[in-house]
Amino acid sequence: MADSKREIERKYEATAETRLPDLSRVAGVSAVAHRGVTELDAVYYDTEDLRLAAGSLTLRRRTGGSDAGWHLKFPVASGIRDEFQEPLSDTLPRSLAGLLRSRVRRSELVPVVRLRTARDVHHLLDAEGALLAEVSNDTVRAERLTGGSATAAWTEIEVELADDGDPAFLDAVERPLRKAGVRPSASPSKLARALAETAPELKRDNGADEKAGELTAGDHVLAYIRHQNEAIVALDPAVRRDLPDSVHQMRVATRRLRSAMRTYRRILDRGVTDPIGGELKWLAAELGIDRDQEVLDARLRARLDALPGTLILGPVRGRLRIWSAARRGGSRRRTVGVLDGKRYLVLLERLDALLAAPPLLPAASRAPEQELSRAVLKEYERLATRVGHALELPPGHDRDLALHDARKAAKRARYAAEAARPVLGKPAKRFAKRMKALQTLLGDHQDSVVARDALRNLAVQAHAAGESAFTWGLLYGREEASAAAGERELPEVWKRASRPRLRAALEG
């Protein structure tokens, strides 16, 4: 993986005549060291249709300065980006290409803008000579490399916080800058400004009809699907970097997307969406290998930590650690392999094609309230049937399977309500909240089923190795008791989730 750091900076409008105010009076600053002028030459890359720029990503190959090389930046928040660096090379390094794969797909990356910058650098130092922030007065010349050869030029001031610095320090630096008449830049990055100021002029058809009127049921469903699709694309690099909760969030977006296609089948033609839904099911299952192991590891560790030391007999922690590492390592490699595979790329392209030419059915043109409410209530009916069936069964294997099916139905009902919330408002929010509570209870029950299976296997391994299986059996019993408690709680949770007034509110 490429070297990375978090970049926290602020940009300000300036002119050739702008001079930096005296920053030595900023609280915490003991000295301002002038580091001279550096010439930077950067070529920025993107697809022909500027997909990276659309996502506020920047990819450049820069020479000059102390950090010459390939730089890839992902937005985190206003003024905050995660930057990945690789040494200079003629071609894009593989590590950076992987982080861009979900956006670039099989398209070619081409040079789009060249920026040549004369950077006049000052360092703000504390009493011990440590760097607090770097202040740069940049004179920029931009040249468009695709879609024409337009140029632009400007001057800006950039203040970048030192690694591990306190972001509040930037507020202190900004005060004297504002007093000197310097104002924050309207552009989030040099690339954004260069693209805007060198963009070719587009002719507008004044006779074109603008879309007017109220949003339809189809508009709302497509907006939800588009949002989940964008989430999958945006989370891809986070999964590759193994960031906390990234696999879970990507899997949730995948499931929400598939659920919406199934729930709103009166809106979208199933002849088109069902094959895509099948591929989304495959992706969710592949992501689940890693996510399920992550959840299981955390659960078993928590159960073990809750035991008194006197009840932990044998090398229990060591066996659990080795078992978890072996299973998680394999699932991790498999997840990245899926994201690098052709099948995944084809799925992303099919989703783009669906949104570009949505297979709308007649109901899509109708007012959204009735259509979306109807779909949510239908999901509730499916859930009610499954819960009723599960409650009729005696405790055991068959009931465990039925409760798992009910959990999936609860999740689908919740997602349906969440998708309808922009239209149905608070009733959909309350309904989704009740579905989530039910889903959580049933999810914990299923996690207990999976944990008991793992604990039995660990006990068998321990016994075969001549170790005591006492602790594993004790943990198994506690999981069994936890599942039984959840089953006793289920009727009351279902009673709250199935109140008629919740459904009546959805009908308006």
Side-chain angles (χ1 to χ4, degrees), residues 2 4-15 18 38-86 92 96 99-100 103-104 109-121 133-147 150-163 165 167 170 173-174 177 182-200 230 233-234 237:
S4 65
K5 71 170 187 174
R6 177 145 294 182
E7 176 187 84
I8 303 177
E9 65 181 17
R10 296 184 187 179
K11 296 180 181 294
Y12 301 89
E13 302 283 354
T15 67
T18 301
T38 301
E39 297 292 335
L40 306 175
D41 192 344
V43 175
Y44 288 77
Y45 290 79
D46 206 332
T47 59
E48 290 283 357
D49 54 359
L50 301 178
R51 295 178 199 170
L52 302 187
S56 299
L57 277 71
T58 62
L59 171 67
R60 72 186 178 206
R61 182 183 185 275
R62 189 167 76 182
T63 57
S66 60
D67 62 347
W70 288 91
H71 303 165
L72 172 61
K73 299 184 181 184
F74 284 86
V76 176
S78 178
I80 304 176
R81 295 186 290 184
D82 282 339
E83 180 177 355
F84 300 85
Q85 299 182 3
E86 287 281 14
L92 177 65
L96 301 187
L99 295 175
L100 293 171
R103 289 177 170 85
V104 174
L109 285 167
V110 298
V112 293
V113 165
R114 182 182 185 186
L115 295 183
R116 282 170 286 187
T117 304
R119 169 162 289 179
D120 190 6
V121 179
E134 180 176 283
V135 182
S136 305
N137 197 330
D138 293 343
T139 301
V140 185
R141 292 165 290 161
E143 177 187 1
R144 190 82 173 209
L145 302 178
T146 57
T151 61
W154 68 89
T155 302
E156 68 179 37
I157 293 173
E158 183 177 289
V159 183
E160 182 175 348
L161 190 67
D163 294 345
L170 296 181
V173 176
E174 183 169 303
L177 290 175
V182 177
R183 293 293 177 262
S185 174
S187 296
S189 68
K190 288 182 174 66
L191 176 61
R193 182 166 183 171
L195 289 173
E197 296 192 11
T198 64
E230 290 170 351
V233 171

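In what follows, every heavy atom counts, from backbone to side chain, and hydrogens, waters and symmetry copies are set aside. From a predicted model like this one, the values you see are computed outputs, not experimental measurements.
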Q: Find out whether Pro167 and Leu161 are in side-chain contact, i.e. whether some heavy atom of one side chain is under 4.5 Å from a heavy atom of the other.
A: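 Yes; the side chains approach each other to less than 4.5 Å.
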Q) Going by heavy atoms in the side chains, are Thr58 and His71 under 4.5 Å from each other? A)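 Sidechains of His71 and Thr58: no contact.
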Q) Given the rule in the side chain to side chain contact (heavy atoms under 4.5 Å, CB included) test, do Leu52 and Tyr44 qualify, once you have shown the distances and angles that lead to the verdict? A) CA-CA 10 Å; Leu52 302 187; Tyr44 288 77; over 6 Å; no
Q) According to the salt bridge (charged side-chain N to carboxylate O under 4.0 Å, His left out) rule, which pairs have a member within residues 53-63, sequence neighbours left out? A)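 Salt bridge (charged side-chain N to carboxylate O under 4.0 Å, His left out) check on residues 53-63 returns Arg62-Asp67.
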Return the minimal non-hydrogen interatomic distance between [X] and [Y], and the atom names on each side.
| X | Y | result |
| --- | --- | --- |
| Ser136 | Val121 | OG-CG2, 4.1 Å |
| Leu195 | Ala53 | CD1-CB, 3.7 Å |
| Val43 | Pro111 | CG1-CB, 3.7 Å |
| Ala194 | Ala142 | CB-CB, 3.8 Å |
| Pro75 | Ser56 | CD-O, 3.4 Å |
| Pro200 | Arg144 | CD-NH2, 4.0 Å |

[X]: which residues meet the salt bridge (charged side-chain N to carboxylate O under 4.0 Å, His left out) condition with it, sequence neighbours left out?
| X | result |
| --- | --- |
| Arg103 | none |
| Glu7 | Lys73, Arg81 |
| Glu160 | Lys5 |

Straight-line distance of [X] [atom1] to [Y] [atom2], nearest 0.5 Å:
| X | Y | atom1 | atom2 | answer |
| --- | --- | --- | --- | --- |
| Arg119 | Asp138 | CZ | CG | 4.0 Å |
| Thr146 | Asp46 | OG1 | CG | 8.5 Å |
| Leu100 | Phe74 | CG | CZ | 5.5 Å |
| Leu50 | Leu57 | CG | CG | 12.5 Å |
| Leu170 | Glu9 | CG | CD | 9.5 Å |
| Ile80 | Ile8 | CD1 | CD1 | 5.0 Å |

Q: Taking side-chain hydrogen bond (donor to acceptor under 3.5 Å, both in side chains) as the test, write out the residues that go with Glu230, two or more places apart.
A: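 So Glu230 forms no side-chain hydrogen bond (donor to acceptor under 3.5 Å, both in side chains) with any residue.
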Q: Return the set of residues passing side-chain hydrogen bond (donor to acceptor under 3.5 Å, both in side chains) with Arg141 (not counting sequence neighbours), or none when no residue passes.
A: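 Arg141: no side-chain hydrogen bond (donor to acceptor under 3.5 Å, both in side chains) contacts found.
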Q.
Hydrogens and angles aside, do Arg193 and Ser187 bring a side-chain donor and acceptor to less than 3.5 Å of each other?
A.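 No.
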Residue list, side-chain contact (heavy atoms from CB on, under 4.5 Å) with [X], at least two apart or on another chain:
| X | value |
| --- | --- |
| Thr139 | Ala118, Thr155 |
| Thr47 | Asp49, Arg51, Val104, Ser107, Leu109 |
| Asp41 | Thr63, Arg114, Arg116 |
| Ala192 | Pro188, Ser189 |

Q. Can you check side chain to side chain contact (heavy atoms under 4.5 Å, CB included) on Leu177 and Val135, steps first, answer last?
A. CA-CA 11 Å; Leu177 290 175; Val135 182; 5.8 Å; no
**Q.** Contacts of Trp154 that satisfy ring pair (Phe, Tyr, Trp, His ring centres under 6.0 Å) - sequence neighbours left out
**A.**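 Partners of Trp154 by the ring pair (Phe, Tyr, Trp, His ring centres under 6.0 Å) criterion come out as none, since no residue qualifies.
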Q. Tyr45: what forms a ring pair (Phe, Tyr, Trp, His ring centres under 6.0 Å) with it, not counting sequence neighbours?
A.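 Applying ring pair (Phe, Tyr, Trp, His ring centres under 6.0 Å) to Tyr45 gives Trp70.
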(Q) Is there a side chain to side chain contact (heavy atoms under 4.5 Å, CB included) between Glu143 and Thr198? Walk through the geometry before answering. (A) CA-CA 7 Å; Glu143 177 187 1; Thr198 64; over 6 Å; no
